[in-house]
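The next block holds one structure in the form of C-alpha cells; read it before the comments.
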Amino acid sequence: MKNLVVGLVAAVAIIGGGFTVTHVDLIPTGKVGITYNYKDGVKDELLKPGAHFIPPMNKVKEFSTSNEIIVLSKDRRDGSKDDDSFKVATSDDASIPISFQMTYRYIEDQVIDTYKKFKGMDGEDIVENRVKTVLKSKISEVTTDYSMMDIYSGNRAQLNEVLTEYLNKDFSKKYGIEVLDASIIDVHPDKKLKKAIDNRVTALQEKQQAQAEQEKVKVQKQTEQLQAEADANIEITKAQADAKKTKIKAEADAEKTRIASEAQAKANKELSSSITDELIRMKEAEAHYKNGWVTVQGAGTTVVDATEK
C-alpha cells in the first residue's frame, strides 16, 4: 500500500512536472510577448525576456524590440531571398528600379495596443502582411519629389533622411514600429534607362564645364577690375602724399621766412633804439680823433683833414 502511494505521488509529480514544462514559454532576449485567450482576450501584462508559465488555453505572441532589418534587394548577397528590387516613381516621370533596406523595431510601450489592433498577428506577421505591402508605395510618395538623377547619384543622404523620417512618422502611428533607418542602397536601371542617365550625366557635365568657364572669365574680369582699382588707389594715394609733402614744405618755408623777418625786424628795432644822441656824438668824436675834422660846405663838399693844415 505504501509503495502504491509513493508510486502515485511520483506519477503525479512527473505528470505535473511535464505539464509545467510544456506550459513554460521562453521569451528570447530582444523580444517581448503578450498573452491572450479566446475567452478573456488580451492580457494587459507584457512578458519580458525570460521563462514564463503560460496557463492552459492561453497563447503567446512575440514582438521584437531589438533592431531588425528588412532587405528588398536585387542581389541575394544583400539579404533578399530572391530579386526583391522594385521600381519607384520620380519627379521627372521616370520609373527606376532600386534596392532598399530598413532597420526597425517595435515600440515596447505600444506592443499591446498594436496586437489588439492586428489581433491574431505577431510582430513578423504584421511586417510580412502589412508593412511590406505598403512599403513600396510609401517610398514612391517620397521619391516623386526627387529627379531620376537625384536617386541615381551616389549622394542620396538627404533623400534617405527624408525617407527615414517619413516612414517612421507613418509606421509608428499605424503599426507601432520605430523606423531607425530607411535607405535606397542601390539603383538598377535597364540599358535604355542607363543610356538616358548617361546622356543626362554628359549634358550635366558639359553644363557644369561651361558654367565653370563663365565663372573663370567672370573671376578674371573681377580680378582685373580690382587690380585697376588698386593701381588707381595707389596713384591717388601717391598724389595725395606728394601734395601733402609740398604743402608741408611750403608751410615750413613760409614759417622760416616769417621767423627770419620777425628776427630782422626785432634786430632793426633794437639797433634803432640803441642809436642815441650820445652814441652819435661819441662816434663823431672817434672819427675826429682818428681822421681829423670833417667839414661839409654846400653842394661842393670838401673833406679837409685838420692835420694837414
Side-chain angles (χ1 to χ4, degrees), residues 69-75 77-80 83-104 135-170 179-249:
I69 298 179
I70 296 174
V71 179
L72 302 174
S73 68
K74 186 179 182 66
D75 196 332
R77 290 174 297 180
D78 293 330
S80 286
D83 180 1
D84 293 325
S85 60
F86 56 95
K87 292 182 178 181
V88 293
T90 66
S91 61
D92 44 2
D93 298 326
S95 181
I96 186 169
I98 65 166
S99 289
F100 172 84
Q101 74 175 22
M102 184 180 80
T103 304
Y104 71 95
L135 186 58
K136 299 175 183 179
S137 62
K138 289 295 179 182
I139 294 171
S140 278
E141 288 176 8
V142 175
T143 59
T144 49
D145 292 332
Y146 294 84
S147 69
M148 177 175 63
M149 292 303 300
D150 292 332
I151 299 173
Y152 181 75
S153 66
N155 186 18
R156 291 186 290 266
Q158 182 186 12
L159 170 58
N160 290 337
E161 286 180 6
V162 174
L163 268 174
T164 301
E165 183 178 356
Y166 183 78
L167 293 177
N168 180 59
K169 183 178 180 180
D170 189 75
V179 177
L180 304 173
D181 177 75
S183 302
I184 295 175
I185 58 176
D186 205 355
V187 179
H188 313 287
D190 55 24
K191 291 182 179 180
K192 183 177 179 180
L193 186 57
K194 181 67 167 57
K195 184 177 180 180
I197 291 173
D198 289 342
N199 290 338
R200 292 194 186 188
V201 170
T202 300
L204 180 61
Q205 290 174 342
E206 291 175 351
K207 180 181 179 181
Q208 290 174 340
Q209 185 176 358
Q211 290 175 341
E213 291 295 332
Q214 291 176 357
E215 187 64 23
K216 181 179 178 180
V217 172
K218 181 180 178 181
V219 170
Q220 185 176 356
K221 288 183 177 179
Q222 289 176 343
T223 302
E224 291 174 353
Q225 182 179 355
L226 291 174
Q227 185 61 50
E229 291 176 354
D231 292 342
N233 288 334
I234 290 173
E235 292 298 326
I236 292 172
T237 302
K238 183 178 178 182
Q240 290 175 342
D242 290 343
K244 186 175 181 180
K245 183 178 179 181
T246 301
K247 181 181 179 182
I248 292 173
K249 186 176 183 303

Given 3.5 Å as the limit, does a donor-acceptor pair link the side chain of [X] with the main chain of [Y], or not?
X    : Y    : result
D84  : F86  : no
D181 : T103 : no
S99  : K74  : yes
D150 : S147 : yes
T143 : A89  : yes

Completion exercise
The side chain to side chain donor-acceptor pair (under 3.5 Å) partners of E229 (sequence neighbours excluded) come to Q225
Handout entry: Minimal non-hydrogen separation, F100 against I184, with atom names
Key =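 Closest pair (atom of F100, atom of I184, distance): CD1-N, 4.2 Å.
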Partner residues of [X] under the side-chain contact (heavy atoms from CB on, under 4.5 Å) criterion, sequence neighbours left out:
X    : value
S95  : K87
D231 : Q227, I234
K245 : none
D145 : none

Handout entry: Test side-chain contact (heavy atoms from CB on, under 4.5 Å) applied to V142 and N160, T164, L163, the passing residue
Key = L163
Problem - Counterpart residues, salt bridge (Lys or Arg N to Asp or Glu O under 4.0 Å), relative to D170 (two or more places apart) - result: K138, K174
Practice task
Start with the C-alpha distance between Q222 and K218, add both sets of side-chain angles, then the distance that settles side-chain contact (heavy atoms from CB on, under 4.5 Å), and finish with yes or no.
Solution key: CA-CA 6 Å; Q222 289 176 343; K218 181 180 178 181; 3.5 Å; yes
Practice task
Could you give me the CA-CA distance, side-chain angles and deciding distance for E224 and Q220, then say whether side-chain contact (heavy atoms from CB on, under 4.5 Å) is met?
Solution key: CA-CA 6 Å; E224 291 174 353; Q220 185 176 356; 3.7 Å; yes
To the nearest 0.5 Å, what is the distance between [atom1] ([X]) and [atom2] ([Y])?
X    : Y    : atom1 : atom2 : answer
I151 : S91  : CD1   : OG    : 7.5 Å
I98  : R156 : CD1   : CZ    : 8.5 Å
I236 : K238 : CD1   : NZ    : 13.5 Å
T90  : M149 : OG1   : CE    : 11.5 Å

Handout entry: Stepwise side-chain contact (heavy atoms from CB on, under 4.5 Å) check, Y104 with L167
Key = CA-CA 10 Å; Y104 71 95; L167 293 177; over 6 Å; no
